[in-house]
*Asks:* 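My questions will all concern the structure given below.
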Amino acid sequence: MIKHLAPLNWWVGMKDPRLQVIVHAENIASADVSIEYPGIALENVHKVENPNYLILDLKISPECRAGTFHITLSGETNTGNGRRSSLKKFSQAIPYELRSRSDFVKAQGADASDLVYLLLPDRFANGDPSNDRFVGLADSKVDRTNPFLRHGGDLQGVIDHLDYFKELGVTALWLNPVIENDQPLTDEGGELRSAYHGYGFTDHYQVDKRLGGNEAYKKLVDAAHANGLKIIQDAVYNHAGINHWLLRDMPDKNWLHQWPTYTNTSYKEQPIPDPHGSDLDRKVTSDGWFVPFLPDWNQGNPYVANYLLQHALWTVEYFGIDAWRVDTYMYNDLDYMNRVNSALLAEYPDLHIFGENWTKSVPNQAYFQENNLQVPFKSNLPGACDFQTYYAINDALNQKFGWDEGVNRIYQTLGLDYLYRDPMKNVVFLDNHDTDRFLSVVGENMNNYRMGLIWLLTTRGIPQLYYGTEILMKNFKNPSDAEVRRDFPGGFPDDKVNKFIETGRNGAENEAFDFVKKLANYRKNTPALHSGKLMQFVPADGVYVYFRYDEEKTIMVVMNSNDKSFSLETGRFQERLGTFARAVDVLSGLVHPLDKPINLEARTAYVLELGN
């Protein structure tokens with residue numbers, strides 16, 4: 001009896017005609033394999049150390065037609081034991097479906113015209129309480145009073161709030177991983193924690209049924225597309241969950257990075273690009289395990305490499321997602337990641353891929369993506385989660401103005417954009433599921449909050465908003481990440497307030513929501529602001545000025561980081577002001593004549609549309 005088959009199906013007409021199928025069943029290594037189907041060639045049958053696996057290399061000709069063929073296994077198997085054992089002939093035909101590729105547009109990509117909304121499905125909304133628990137899973141606990149257990153949010157809950165995203169001005173949804181995490185509770189710092197976050201995959205071809213399964217995910221993607229929203233999937237190539245079926249009955253030991261004793265990654269990116277770095281330090285960074293309960297894939301194993309790559313292709317084709325965010329990108333085999341990226345972009349040219357490269361400098365961040373550096377290794381990753389601008393904006397809002405401090409941090413960081421092949425493909429953010437929440441970082445100061453959001457929605461790149469930022473959700477990670485991953489109020493049946501609707505939000509929350517909504521929708525409808533050129537001026541006297549512009553429109557953004565008002569003379573900006581006579585504040589509607597100084601209130605940012 002077949003236990004697992006991967007991939008679950010495939011398609012005719014893919015650019016790469018090769019397909020590698022993993023067959024997992026009890027003692028099948030001695031079986032003869034045959035396939036009879038026009039256009040399908042069985043080129044190789046691979047055996048591994050574990051007799052419960054066969055790995056098949058198929059080639060699909062361009063003339064092959066969609067349909068179901070059979071992988072036939074035949075041979076003799078031992079029955080009984082000792083003197084009573086005997087050989088019994090067997091034959092099993094495993095159906096395998098080759099589908100026609102759909103006509104609908106796939107992989108729309110994500111670009112600077114988008115506003116990405118990041119959410120954890122388990123913590124966002126529970127649209128189907130019937131899927132909260134399943135007997136037989138390693139973790140069947142659901143308890144919203146416990147920050148470390150599952151809370152019951154699911155994909156139907158996301159579907160139920162598509163109108164909310166559209167009202168806010170969001171155009172793309174990034175969900176933390178939706179793939180099955182049939183993981184036991186793990187002891188982390190003395191607390192038993194669930195894998196509600198999704199980063200411990202146990203079956204790549206199944207969406208977690210506590211989120212609704214494959215059917216619910218396909219429903220979400222289709223509904224999102226019908227509403228003009230894109231879907232970004234969170235990819236994890238570096239590691240798997242300890243309960244992954246391939247690891248519970250491992251084909252052979254070199255599917256994982258093995259060490260004489262347990263070795264954790266150092267979490268340091270520096271040894272990878274360091275021209276003076278040691279091979280051991282590089283190996284520890286890339287081959288060390290992320291944590292003990294997330295085993296580290298050996299991507300140098302060709303079967304592992306194909307398994308992960310084919311899953312990525314299968315996911316885009318099967319579900320129709322638009323972009324990938326790649327978790328822990330810099331800990332992977334970087335040559336292998338180039339191969340995966342190339343395969344995805346060859347098949348889906350409009351797909352966007354951006355990686356989590358949590359580095360400490362702009363050059364090191366640039367190293368792991370497409371760049372203009374003269375270095376031995378050249379990455380083909382199009383974009384990255386832009387941690388460098390994240391650091392800069394937080395410093396800008398928390399430091400006093402100085403030569404290298406305050407808003408100069410933003411200016412200097414963006415001044416290094418020449419290191420990137422295309423900085424517009426970077427995803428900029430104020431916070432995410434792994435960081436302190438933005439409102440708390442800026443001291444719950446609403447002026448700082450508004451300045452940060454204005455920067456997010458007017459700077460270069462693809463802006464990403466973390467769920468709840470628009471309704472003033474707050475908290476630091478202390479004592480754990482769970483503090484910044486609290487449930488969205490109103491997303492669960494027993495919630496006493498519903499902050500998805502105006503009447504459920506208090507005055508301050510509605511003011512914040514309306515602020516984000518107005519600016520996000522203005523941005524969406526103003527190409528100069530999201531796709532135009534950026535020109536910045538050296539910050540002076542605590543004021544930072546930059547412009548977004550194209551042939552149709554010019555937007556002037558002014559950030560006064562001072563604790564007192566300031567009268568801004570405009571003559572220094574004549575290079576961009578040109579013949580424009582006035583500036584209209586897109587948030588307040590106030591008109592500022594450009595032949596006079598602009599009065600700036602303390603700790604306030606302005607988005608000004610220039611005109612005559």
Side-chain angles (χ1 to χ4, degrees), residues 7-14 66 97-111 113-131 152-181 198 201 203-235 310-325 344 347-353 462 464-465 467 488 491 500 524:
L8 294 181
N9 69 275
W10 207 246
W11 292 266
V12 296
M14 301 289 276
E97 185 181 11
L98 276 179
R99 298 184 176 185
S100 295
R101 301 185 71 181
S102 301
D103 293 330
F104 68 84
V105 176
K106 294 189 186 69
Q108 301 171 77
D111 58 34
S113 67
D114 287 305
L115 170 57
V116 177
Y117 191 92
L118 165 61
L119 63 91
L120 282 84
D122 181 71
R123 302 299 164 93
F124 189 69
N126 189 347
D128 183 6
S130 71
N131 62 28
D154 53 34
L155 298 173
Q156 185 59 49
V158 180
I159 295 170
D160 292 342
H161 294 96
L162 295 181
D163 285 342
Y164 175 82
F165 304 128
K166 291 166 61 181
E167 179 188 3
L168 189 59
V170 168
T171 63
L173 302 178
W174 160 19
L175 281 62
N176 286 129
V178 298
I179 293 174
E180 178 191 275
N181 271 228
F201 297 176
D203 188 338
H204 280 71
Y205 288 92
Q206 299 298 328
V207 170
D208 201 296
K209 56 187 178 181
R210 286 162 294 198
L211 299 180
N214 287 6
E215 184 177 341
Y217 192 42
K218 189 69 172 69
K219 179 181 177 184
L220 167 63
V221 174
D222 291 345
H225 287 167
N227 281 275
L229 296 165
K230 302 171 181 178
I231 296 293
I232 300 170
Q233 183 157 325
D234 212 323
Q310 288 181 162
H311 169 256
L313 292 168
W314 181 90
T315 300
V316 180
E317 191 72 27
Y318 187 86
F319 292 112
I321 66 163
D322 301 296
W324 287 106
R325 177 266 188 182
L344 283 166
E347 202 70 60
Y348 311 102
D350 294 326
L351 186 80
H352 185 48
I353 310 169
I462 306 169
Q464 170 247 297
L465 190 70
Y467 81 98
F488 193 106
F500 284 109
K524 181 166 63 173

*Asks:* Minimum heavy-atom separation for Val178 and Pro121, please, with both atom names.
*Replies:*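 Shortest heavy-atom separation between Val178 and Pro121 comes out as CG1-CG, 4.4 Å.
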*Asks:* To the closest 0.5 Å, what do you measure between CD1 (Ile353) and CZ (Arg325)?
*Replies:*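 It is 14.0 Å, given to the nearest 0.5 Å.
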*Asks:* Is the side chain of Asn9 donor-acceptor paired with the backbone N or O of Glu97 at a distance under 3.5 Å, no angle test?
*Replies:*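 Side chain of Asn9 to backbone of Glu97: no pair is present.
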*Asks:* Step by step, would you call Leu220 with Phe319 a side chain to side chain contact (heavy atoms under 4.5 Å, CB included)?
*Replies:* CA-CA 9 Å; Leu220 167 63; Phe319 292 112; over 6 Å; no
*Asks:* Side chains of His311 and Ile179: does their closest heavy-atom pair fall under 4.5 Å?
*Replies:*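 A side-chain contact under 4.5 Å exists here.
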*Asks:* Could you pull out the closest heavy-atom pair between Trp324 and Val316, with the gap in Å?
*Replies:*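 Taking Trp324 first and Val316 second, the nearest heavy atoms are NE1-CG2, 3.5 Å.
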*Asks:* Heavy atoms only: give me the nearest Arg101-Glu347 pair and the separation to one decimal.
*Replies:*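 Smallest heavy-atom distance, with atoms named: NH1-OE2, 2.9 Å.
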*Asks:* So which atom in Gly152 and which in Asp122 form the shortest heavy-atom distance, rounded to 0.1 Å?
*Replies:*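 Answer, listing the atom of Gly152 first, then Asp122: N-OD1, 3.0 Å.
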*Asks:* In terms of relative ring orientation, are His161 and Tyr164 parallel, tilted or perpendicular, with 30° and 60° separating the classes?
*Replies:*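 Plane angle over 60°, so perpendicular.
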*Asks:* So do Asp322 and Ile232 actually touch side chain to side chain, heavy atoms under 4.5 Å?
*Replies:*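 A side-chain contact under 4.5 Å is absent here.
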*Asks:* To the nearest 0.5 angstrom, please state how far the CG atom of Leu155 sits from the CG atom of Asp128.
*Replies:*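 Answer rounded to 0.5 Å: 10.0 Å.
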*Asks:* Parallel, tilted or perpendicular: which describes the rings of Tyr467 and Phe124, with under 30° parallel and over 60° perpendicular?
*Replies:*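 Ring orientation of Tyr467 relative to Phe124: perpendicular.
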*Asks:* For a quick test of reading the model, state the closest non-hydrogen atom pair linking Ile321 to Leu351 and the distance between them.
*Replies:*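 Here Ile321 and Leu351 meet closest at O-CD1, 4.5 Å.
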*Asks:* Out of Asp114, Thr171, Asp111, which residue meets the side-chain hydrogen bond (donor to acceptor under 3.5 Å, both in side chains) rule with Lys230?
*Replies:*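 Testing Lys230 for a side-chain hydrogen bond (donor to acceptor under 3.5 Å, both in side chains) against Asp114, Thr171, Asp111 leaves exactly one candidate, Asp114.
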*Asks:* Got a sec, which residues hit side chain to side chain donor-acceptor pair (under 3.5 Å) with Trp174, two or more places apart in sequence or on another chain?
*Replies:*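 Trp174 satisfies side chain to side chain donor-acceptor pair (under 3.5 Å) with Asp234 once adjacent residues are dropped.
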*Asks:* Looking at Glu215 and Lys209, is there a salt bridge between them, counting it only when a charged N and a carboxylate O are closer than 4.0 Å?
*Replies:*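 Salt bridge between Lys209 and Glu215, a charged N being under 4.0 Å from a carboxylate O: no.
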*Asks:* Find out whether Phe165 and Leu119 are in side-chain contact, i.e. whether some heavy atom of one side chain is under 4.5 Å from a heavy atom of the other.
*Replies:*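 They are in side-chain contact.
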*Asks:* Does any part of the side chain of Glu180, heavy atoms only, come nearer than 4.5 Å to the side chain of His204, both counted from C-beta?
*Replies:*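 A side-chain contact under 4.5 Å is absent here.
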*Asks:* Is the closest side-chain heavy-atom distance between Ser100 and Trp11 below 4.5 Å?
*Replies:*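 Side chain of Ser100 against side chain of Trp11, heavy atoms only: no contact under 4.5 Å found.
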*Asks:* By side chain to side chain donor-acceptor pair (under 3.5 Å), which residues pair with Asn126, not counting sequence neighbours?
*Replies:*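 Once residues adjacent in sequence are excluded, the partners of Asn126 under the side chain to side chain donor-acceptor pair (under 3.5 Å) criterion are Asp132.
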*Asks:* With the side chain counted from C-beta on, respond yes when Thr315 and Gln233 share a heavy-atom pair under 4.5 Å apart, and no when they do not.
*Replies:*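 They are in side-chain contact.
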*Asks:* Report yes if the distance between the aromatic ring centroids of Phe500 and Phe488 is under 6.0 Å, otherwise no.
*Replies:*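 Yes, the ring of Phe500 comes within the 6.0 Å limit of the ring of Phe488, centre to centre.
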*Asks:* On the 0 to 90° scale, with breaks at 30° and 60°, tag the Tyr318-Trp314 ring pair as parallel, tilted or perpendicular.
*Replies:*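 Because their plane-to-plane angle is under 30°, the rings of Tyr318 and Trp314 count as parallel.
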*Asks:* For the CG atom of Leu211 and the CG atom of Leu175, what is their distance to the nearest 0.5 Å?
*Replies:*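 Between Leu211 CG and Leu175 CG, I get 8.5 Å after rounding to 0.5 Å.
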*Asks:* Do Leu173 and Val158 make a side-chain contact, defined as non-hydrogen atoms from C-beta onward lying under 4.5 Å apart?
*Replies:*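 Result yes, sub-4.5 Å side-chain heavy-atom pair found.
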*Asks:* Going by heavy atoms in the side chains, are His352 and Gln108 under 4.5 Å from each other?
*Replies:*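 No, side chains not in contact.
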*Asks:* Look up atom CG in Leu115 and atom CD in Gln464, then write down how far apart they are to the nearest 0.5 Å.
*Replies:*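 The CD atom of Gln464 is 9.0 Å from CG of Leu115, to the nearest 0.5 Å.
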*Asks:* Charged N to carboxylate O below 4.0 Å: is that the case for Arg210 and Asp154?
*Replies:*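 The answer is no: the pair does not qualify as a salt bridge.
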*Asks:* Work out which heavy atom in Tyr348 is nearest to a heavy atom in Glu317; give both atom names and the distance.
*Replies:*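 Closest pair (atom of Tyr348, atom of Glu317, distance): OH-OE1, 2.6 Å.
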*Asks:* Rounded to the nearest 0.5 Å, what separates atom CG in Asp203 from atom CG in Asn181?
*Replies:*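 Between atom CG of Asp203 and atom CG of Asn181 there are 11.0 Å.
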